[in-house]
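Input: a single structure, listed below in structure tokens.
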Amino acid sequence: MTWAAFWALIASLDGEATEASCLRLAEELSRRLVPDIIRFAERHVEALYRLDLEKFGMLPVADMTDRNGESFPQSADVFLYARCAVVAAGRAVWEGVFFDVDKFVPYTSTRFDGEWLLYVPDQAYELATGKEWDHSTWYCSESYSNRNGWPDLAARCGHVTHWRRGESTCEV
């Protein structure tokens, strides 16, 4: 699937990954051939992986503070859902955040929760085949899995971030 075809499908979300919009996308995708569903999943995860950068992940949640009024950091899940929200917002937003970190900030707020987008490939595959999704993708969408996007992570935490092709999970 080309990037243009992927973004054309994402455009059907009308800028937000709601349960209803993601179900519509899954239904639309399920009417395509299974290899197209798999290629959509590959592009989807790659788009999330490319956003897995320290400059985005270290931003605080836009509309949350602790009881002392201090910024509230994004958890791994919140960061994943924020990246999903950026993808759901469309190609122009996705491309724009790479050039201006401030364009990512609104998607860290609790108003944007792109979690539903994560389930689109699984739902589309199940609708198309009647079977449960059990494909692994080339990239990993989990937060902090992009080693190049978090160059200081291993040094700070003493962890090595890696992902092995062909496995269904990544390790952080």
Side-chain angles (χ1 to χ4, degrees), residues 1-30 37-66 70-127 133 135 137-150 153 161 163 169-170 172:
M1 174 172 288
T2 65
W3 279 107
F6 170 79
W7 290 117
L9 286 164
I10 290 295
S12 71
L13 296 171
D14 294 325
E16 286 192 73
T18 65
E19 182 177 10
S21 67
C22 288
L23 181 56
R24 276 194 318 273
L25 175 55
E27 289 169 347
E28 181 178 341
L29 195 54
S30 75
I37 297 169
I38 294 168
R39 286 190 280 271
F40 175 88
E42 290 289 346
R43 289 293 188 197
H44 174 223
V45 171
E46 184 179 354
L48 295 173
Y49 180 84
R50 288 183 180 196
L51 289 170
D52 185 22
L53 303 174
E54 187 172 14
K55 68 181 182 179
F56 302 136
M58 296 305 290
L59 293 169
V61 177
D63 58 352
M64 287 183 74
T65 56
D66 65 17
E70 298 293 321
S71 298
F72 199 83
Q74 294 181 80
S75 67
D77 285 343
V78 168
F79 181 44
L80 174 58
Y81 305 155
R83 289 183 287 134
C84 287
V86 168
V87 171
R91 183 180 193 161
V93 171
W94 184 82
E95 289 175 348
V97 300
F98 292 104
F99 299 104
D100 184 354
V101 175
D102 290 337
K103 291 183 178 181
F104 191 96
V105 171
Y107 298 96
T108 67
S109 79
T110 56
R111 179 186 174 288
F112 289 99
D113 180 352
E115 181 179 9
W116 287 106
L117 188 56
L118 292 172
Y119 312 121
V120 167
D122 306 56
Q123 291 173 326
Y125 184 83
E126 192 168 329
L127 288 167
W133 174 267
H135 295 276
T137 55
W138 182 264
Y139 293 95
C140 178
S141 63
E142 292 299 323
S143 296
Y144 324 117
S145 65
N146 182 349
R147 214 178 335 187
N148 294 326
W150 294 86
L153 185 65
T161 305
W163 183 82
T169 61
C170 54
V172 179

For residues 114-127, please give each side-chain donor-acceptor pair under 3.5 Å, one per line with the distance, not counting sequence neighbours.
from, atom 1, to, atom 2, distance (Å)
E115, OE2, Y81, OH, 3.4
E115, OE2, Y119, OH, 2.5

Practice prompt. Flag the pair F56 / V86 as yes when at least one side-chain heavy-atom distance between them is below 4.5 Å, and no otherwise.
Written response: no

Taken in chain and number order and not counting sequence neighbours, the residues that satisfy side chain to side chain donor-acceptor pair (under 3.5 Å) with S109 are none

**Request:** Could you please spell out the steps behind the side chain to side chain contact (heavy atoms under 4.5 Å, CB included) verdict for L25 and F40?
**Result:** CA-CA 11 Å; L25 175 55; F40 175 88; 4.0 Å; yes

In short, F98 meets K55 closest at the heavy-atom pair O-NZ, 3.1 Å

R147 and Y49 have their tightest heavy-atom pair at N-OH, 4.2 Å

> Hey, are the side chains of L9 and R43 touching, using non-hydrogen atoms and a 4.5 Å cut-off?
Replying inline: no

With sequence neighbours left out, the residues meeting side chain to side chain donor-acceptor pair (under 3.5 Å) with R111 are none

- Query: Between E42 and W138, is there a donor-acceptor pair closer than 3.5 Å when you use the side chain of the first and the backbone of the second?
  - Reply: yes

*asked:* Let's go through N146 and Y139 carefully: what are the C-alpha distance in whole Å and the side-chain angles of both, what is the deciding distance for side chain to side chain contact (heavy atoms under 4.5 Å, CB included) to 0.1 Å, and is it a yes or a no?
replied: CA-CA 9 Å; N146 182 349; Y139 293 95; over 6 Å; no

CD1 of I37 to NE2 of H135, rounded to nearest 0.5 Å, is 8.5 Å

In this structure, OG1 of T108 is separated from CZ of F72 (nearest 0.5 Å) by 12.0 Å

Got F6 and V87 here, is their nearest side-chain heavy-atom distance under 4.5 Å?
yes

Hits for ring-ring contact (aromatic ring centres under 6.0 Å, His included) against F79, two or more places apart or cross-chain, chain-then-number order -> none

Heavy-atom nearest pair, F112 first then P106, reads CD1-O, 3.1 Å

Sorted by chain and residue number, the side-chain contact (heavy atoms from CB on, under 4.5 Å) partners of V78 (sequence neighbours excluded) come out as V61, Q74, S75

Taken in chain and number order and not counting sequence neighbours, the residues that satisfy side-chain contact (heavy atoms from CB on, under 4.5 Å) with A11 are none

CG (L59) and CD (E54) are apart, to the nearest 0.5 Å, by 10.5 Å

- Message: Donor-acceptor pair, distance only, cut-off 3.5 Å: does the side chain of R83 make one with the backbone of S141?
- Response: yes

Those residues at least two apart in sequence (or on a different chain) that pass side-chain contact (heavy atoms from CB on, under 4.5 Å) with L23 are E27

Residues 88-105 vs side-chain hydrogen bond (donor to acceptor under 3.5 Å, both in side chains), sequence neighbours excluded, gives R91-E95

The complete set of side-chain hydrogen bond (donor to acceptor under 3.5 Å, both in side chains) pairs with one or both residues in residues 5-18, sequence neighbours excluded, reads T18-S21

Sorted by chain and residue number, the side-chain contact (heavy atoms from CB on, under 4.5 Å) partners of A76 (sequence neighbours excluded) come out as S143, Y144

For residues C84 and L48, determine if any side-chain heavy atom of one lies less than 4.5 Å from a side-chain heavy atom of the other. yes

Inset, instruction - Check step by step if salt bridge (charged side-chain N to carboxylate O under 4.0 Å, His left out) holds for R24 and E28. - result: CA-CA 6 Å; R24 276 194 318 273; E28 181 178 341; over 6 Å; no

Side chain to side chain donor-acceptor pair (under 3.5 Å) filter on R39, not counting sequence neighbours, yields D36

